[in-house]
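The structure appears below as structure tokens.
Only a predicted model underlies this, so the values are computations on that prediction, with no experimental measurement involved.
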Amino acid sequence: QVQLVESGGGLVQAGGSLRLSCVASGSIVSINTLGWYRQAPGKQRELAASITRDGTTNYADSVKGRFTISRDNAKNTVYLQMNNLKPEDTAVYYCNAEDVLIPFRPRRDYWGQGTQVTVSS
């Protein structure tokens, strides 16, 4: 099976920075898109940023210019550099691996367990 493990969350003051990491482990042949979603209390989970295998990125309007997503295909790892954080960025951040290929199994998506990011004003 495949496991996604996030790290790097924490408490930071407004204007500060955090870097999230997510490592996908298992008998992975390839991963199409890696993404970071977030869910604030009482709100639906939303996409923050995603990156395809060839490096095409997509950002939510609310994080454009402040967040940068990147990936290392050799390490099956995705990063999210978050700068100029705002209190409204407070949420649980989830790593998502879309269209994952492992031997002898159909492609499917996987989720990490989430990491808390709290931005104080």
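Transitive grouping of hydrophobic side chains (ILVMFWY, heavy atoms separated by less than 4.5 Å) brings Y110 and V78 into a common cluster. Linking ILVMFWY side-chain heavy atoms closer than 4.5 Å, directly or via other members, places V12 and L20 in a single hydrophobic cluster. In the hydrophobic cluster analysis, where Ile, Leu, Val, Met, Phe, Trp and Tyr join through side-chain heavy atoms closer than 4.5 angstrom, L4 is grouped together with I102.
To the nearest 0.5 Å, atom CG of residue L34 and atom CD1 of residue I69 are 7.0 Å apart. Here the CH2-CD distance, from W36 to E6, works out to 5.0 Å after rounding to the nearest 0.5 Å. To the nearest 0.5 Å, atom OG1 of residue T33 and atom CZ of residue R53 are 11.0 Å apart. The distance from the CZ atom of R107 to the CG atom of D109 is 11.0 Å, given to the nearest 0.5 Å. Between the OG1 atom of T90 and the CG atom of L11 there is a distance of 8.5 Å, given to the nearest 0.5 Å. The CE atom of M82 lies 4.5 Å from the CG atom of L18; values are rounded to the nearest 0.5 Å.
For R105, the salt bridge (charged side-chain N to carboxylate O under 4.0 Å, His left out) test picks out no residue, with sequence neighbours left out. Partners of Q44 by side chain to side chain donor-acceptor pair (under 3.5 Å), not counting sequence neighbours: none found. Listed by chain and residue number, S17, Q81 satisfy the side chain to side chain donor-acceptor pair (under 3.5 Å) test with N83 (two or more places apart in sequence, or in another chain). For the side chain to side chain donor-acceptor pair (under 3.5 Å) test, residues two or more places apart in sequence or in another chain that qualify with D54 are T52, T56. The ring pair (Phe, Tyr, Trp, His ring centres under 6.0 Å) check on Y37 picks up W111, with sequence neighbours excluded. In terms of the side chain to side chain donor-acceptor pair (under 3.5 Å) criterion, residue partners of D89 (sequence neighbours excluded) are, by chain and number, R38, R66. Remark: K43 engages no residue in a salt bridge (charged side-chain N to carboxylate O under 4.0 Å, His left out) (not counting sequence neighbours).
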Contacts under 3.5 angstrom, residues 114-121 side chains, donor-acceptor by atom type, not counting sequence neighbours:
| residue | atom | partner | partner atom | Å |
| --- | --- | --- | --- | --- |
| T115 | OG1 | G9 | N | 3.4 |
| Q116 | NE2 | A91 | O | 3.4 |
| Q116 | NE2 | T118 | OG1 | 3.3 |

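Pairs passing the side chain to side chain donor-acceptor pair (under 3.5 Å) check and including a residue from residues 68-77, sequence neighbours excluded, read R71-N73. Legend: ring pair (Phe, Tyr, Trp, His ring centres under 6.0 Å) pairs involving residues 42-100, not counting sequence neighbours: none detected. Identified under the disulfide bond (SG atoms under 2.5 Å apart) test for residues 39-121, with sequence neighbours left out: C22-C95.
Alongside L101, the hydrophobic cluster contains V29 (criterion: ILVMFWY side chains under 4.5 Å).
Nearest heavy atom pair, residue L47 against residue A49, reads CD1-O, 3.4 Å.
Within 6.0 Å of the CD atom in Q3, the count of heavy atoms belonging to other residues, nucleotides or ligands does not exceed 12.
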